[in-house]
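Quick caveat: nothing in here was measured; it's all calculated off a predicted structure. Just so you know, these numbers use all the heavy atoms, side chains as well, and skip hydrogens, waters and symmetry mates. In what follows, every chain begins at residue 1, and chains take the letters A, B, ... in the order their sequences are listed.
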Amino acid sequence: MLDLKFIRENAGLIREKHHQRGTEFDIEGLLKLDAERRRLVVDIEQWRREKKSLSQQVHETRTGEGTDDKAPDLVAKSREISTALKESEDRLQAIEQELNNLLLLIPNLPHASVPTGQSPDENVEVRRWGTARTFDFEPRPHWEIGEDLGILDLARAARMAGTRFPLLKGDGALLERALINFMLDLHVREHGYTEVFPPLLVSEESMVGTGQLPKFAPELFKMADDPYYLIPTAEVSVTNIHREEILGPGALPLCYVAFTPCFRREAGSYGKDTRGIIRQHQFNKVELVKFTEPARSYETLEQLTTDAEEVLKRLELPYRVVALCTGDLGFAAAKTYDLEVWFPSQAVYREVSSCSNFEDFQARRAGIRYRPAPGAKVGFVHTLNGSGLAIGRTWAAILENYQQADGSVAIPEVLRVYMRGLTKIEPH
RNA sequence: GGAGAGGUGGCCGAGCGGCUUAAGGCAGCCGCCUGCUAAGCGGUUGUAGGGUGAUGAGCUCUACCCCGGGUUCGAAUCCCGGCCUCUCCGCCA
């Protein structure tokens with residue numbers, strides 16, 4: 001959410017930024033409502049002041065010794081004001097509701113360093129790491145490797161739940177667990193994050209806080225009989241840990257890492273990534289979330305991205321870092337780096353992590369503030385998050401990059417300690 | 001799921017229709033004082049939105065005692081609904 005006062009004073013800038021994003025928004029309509037709201041507030045406050053003073057006079061008249069009791073007149077007048085006041089208050093409430101609904105639909109503004117562009121084609125590669133392995137055979141896609149090894153069973157998963165659900169077995173399930181543990185340990189022990197395990201179901205308010213709602217309701221799984229939503233990412237739970245809080249001096253930065261399953265309806269992605277486990281309704285993810293002071297959020301974004309990259313480096317998976325252009329930026333993000341890992345079967349880089357700075361966009365929605373120093377004025381924090389990493393896609397990338405001519409899959413060195421010393425997964 | 005108790009400022013805690021512009025304490029900040037420290041004394045300290053100033057300081061108004069309605073000239077205080085916490089019972093991993 002953008003600051004209303006900021007919108008009032010920077011309408012032109014907002015229009016320009018929206019144009020870069022490829023979104024349109026009726027700023028004039030919003031500002032008209034805002035002007036009306038302010039007029040009403042002035043009226044209402046005047047009524048209230050008068051009413052307050054009348055009540056006081058009633059009291060004084062009744063408790064005083066005076067014989068000429070003017071109370072009935074005062075009461076009558078006060079009643080009159082109450083009626084007018086109530087009417088204005090109702091209107092104000094309606095306008096504020098409408099204003100807030102509009103504000104919740106305005107996307108964040110891209111940071112000045114974000115490349116301008118309309119589509120993902122205009123994203124900018126920032127750096128590349130590792131070299132793609134050369135195969136002396138035709139590299140196969142991860143679903144074939146997995147099915148043949150008996151560690152992935154999408155047919156049975158589909159029968160039990162439907163398409164886009166995972167069923168891992170044996171060493172496949174073990175590999176999933178190893179990845180989770182490896183990533184958590186790395187971020188906790190070496191990068192200084194605090195591990196949390198948050199709720200997987202959250203309230204509507206939390207979804208509004210991080211920006212999934214109201215705009216992206218079709219993307220979410222919602223409980224039919226209870227007011228809960230399944231989280232599409234741990235970002236939602238973890239960022240909302242501090243909702244409606246004022247963090248004390250010295251509390252920042254806060255760094256959390258969470259492993260959670262994530263649930264997405266993937267509405268509108270029919271026909272996309274139908275094979276394999278790239279796009280699932282349920283997948284595991286290790287998520288990094290940071291809360292910082294505004295002045296430090298961009299250096300923090302670089303650090304966060306580096307922390308996520310370290311996972312790929314240690315797994316020795318070739319990847320590249322891409323700066324999303326204005327047109328590809330998510331609704332709440334001011335700047336985003338995607339980490340894309342190499343998939344030899346299709347000879348493409350695919351996203352395994354998305355690291356974003358939301359500046360104060362989520363903090364304003366969720367009411368997450370901080371006090372820079374004792375007695376100082378409070379301000380909104382900046383929030384950031386990034387996958388560190390998506391487990392399912394990393395799992396698939398390992399199968400593809402580490403596949404052998406005989407159909408087996410070698411286990412990356414760093415994972416072996418998490419897999420009882422296993423060096424390869426073989427068919428059985 | 002059932003029964004009871006309760007939700008007041010950064011924290012503790014009083015108030016239960018107008019004398020509360022929320023008592024008192026703790027903590028914080030600024031002074032004073034005393035070789036230092038401690039103690040003591042005085043002052044000060046919430047959030048949001050308006051008005052007026054220069055988008056500053058200041059002055060000023062309104063709202064906020066979990067949230068939303070209602071009663072009343074007037075609500076932290078009374079009534080209704082909701083949420084949350086605690087205790088006990090039931091059920092359960």
> Looking at B:A93, which nucleotide sits across from it as a Watson-Crick or G-U wobble partner, both distances under 3.5 angstrom, or is there none?
none

> Rounded to whole angstrom units, what separation is found between the CD1 atom of A:Ile368 and the P atom of B:U47?
18 Å

> Decide whether A:Glu302 and A:Tyr337 meet the rule of one side-chain donor and one side-chain acceptor closer than 3.5 Å.
yes

> When the P atoms of B:C79 and B:U85 are considered, how many whole Å apart are they?
24 Å

> Which nucleotide sits closest to the side chain of A:Arg49: B:G70, B:G50, B:U62?
B:U62

> Quiz question: going by heavy-atom distance under 3.5 Å, is there a donor-acceptor pair between the base of B:G49 and the side chain of A:Glu45?
yes

> Side chains of A:Asn284 and A:Glu176 only: does a donor on one sit below 3.5 Å from an acceptor on the other?
yes

> Verify the distance criterion only: is there a donor paired with an acceptor across the side chains of A:Asn100 and A:Glu96 at less than 3.5 Å?
no

> Once you apply a heavy-atom cut-off of 4.0 Å, does A:Arg37 come out as touching a base, just sugar-phosphate, or nothing?
sugar-phosphate

> Checking base pairs now: Watson-Crick or wobble, both atom distances under 3.5 Å. What partners B:U44?
B:G28

> Of all the choices, B:G74, B:G51, B:A48, which nucleotide is nearest to the side chain of A:Arg38 once you look at every atom?
B:G51

> Nearest whole angstrom, please: distance from the C1' of B:C64 to the CD of A:Glu96.
13 Å

> Once you apply the 3.5 Å cut-off to both distances, tell me the Watson-Crick or G-U wobble partner of B:G74, or none.
none

> Side chain of A:Arg79: nearest nucleotide among B:U72, B:U62, B:A48?
B:U72

> Assess the side chains of A:Thr210 and A:Glu235: does a donor N or O sit below 3.5 Å from an acceptor N or O?
no

> Calculate the interatomic distance between A:Lys5 atom NZ and B:A48 atom C1'; express it in whole Å.
10 Å

> A:Arg371 has a side chain; which of B:U47, B:G50, B:U62 sits nearest to it?
B:U47

> Atom CD of A:Glu244 to atom P of B:G9: distance rounded to whole Å?
15 Å

> Which base, if any, makes a Watson-Crick or G-U wobble pair with B:G56, both distances under 3.5 Å?
none

> Provide, to the nearest angstrom, the distance between the CD atom belonging to A:Glu50 and the P atom belonging to B:C61.
16 Å

> Taking only N and O in the side chain of A:Arg39, is any of them less than 4.0 Å away from OP1 or OP2 of B:G50?
no

> The side chain of A:Val58 lies closest to which of these nucleotides: B:C73, B:A48, B:G51?
B:C73

> Starting from the 5' end of RNA chain B, give me the residue, A:Ile44 or A:Glu9, whose nearest nucleotide shows up first.
A:Glu9

> Under the ring pair (Phe, Tyr, Trp, His ring centres under 6.0 Å) criterion, do A:Phe221 and A:His281 qualify, and how do the steps go?
CA-CA 9 Å; A:Phe221 283 111; A:His281 288 311; 5.7 Å; yes

> When you measure from the side chain of A:Arg21 to the backbone N and O of A:Gly330, does any donor-acceptor pair fall under 3.5 Å?
yes

> B:C33 pairs with which nucleotide, Watson-Crick or G-U wobble, both distances below 3.5 Å?
none

> What's the base orientation of B:G70: syn (chi within 90° of 0) or anti?
anti

> Please classify the nucleic acid contact of A:Lys77 as base, sugar-phosphate, or nothing, using heavy-atom distances under 4.0 Å.
nothing

> Before you tell me yes or no, could you show the steps for A:Lys272 and A:Glu266 under salt bridge (Lys or Arg N to Asp or Glu O under 4.0 Å), namely the whole-Å CA-CA distance, both residues' side-chain angles and the distance that decides it to 0.1 Å?
CA-CA 10 Å; A:Lys272 268 191 214 162; A:Glu266 295 296 344; over 6 Å; no

> How many whole angstroms separate atom CD of A:Gln56 from atom P of B:G18?
12 Å

> Once you apply the 3.5 Å cut-off to both distances, tell me the Watson-Crick or G-U wobble partner of B:A38, or none.
none

> Mind checking who B:C84 pairs with, Watson-Crick or G-U wobble, both distances under 3.5 Å?
B:G6

> Go through B:U62, B:G18, B:U47 for me and flag the one nearest to the A:Ser55 side chain.
B:G18

> Using a cut-off of strictly less than 4.0 Å, decide whether A:Arg8 has a side-chain nitrogen or oxygen near OP1 or OP2 of B:G50.
yes

> Between B:G74 and A:Ser53, is there an OP1 or OP2 to side-chain N/O distance shorter than 4.0 Å?
no

> When you check the phosphate oxygens OP1 and OP2 of B:G70, does a side-chain N or O of A:Lys86 lie under 4.0 Å from one of them?
yes

> Give a yes/no answer on whether the side chain of A:Lys51 brings an N or O atom under 4.0 Å of OP1 or OP2 in B:G74.
yes

> Who is the Watson-Crick or G-U wobble partner of B:C19, with both distances under 3.5 Å?
none

> B:C73 C1' sits how many Å from A:Leu85 CG, rounded?
13 Å

> Taking atom P of B:A48 as reference, at what distance in whole Å does atom CG of A:Asp34 sit?
17 Å

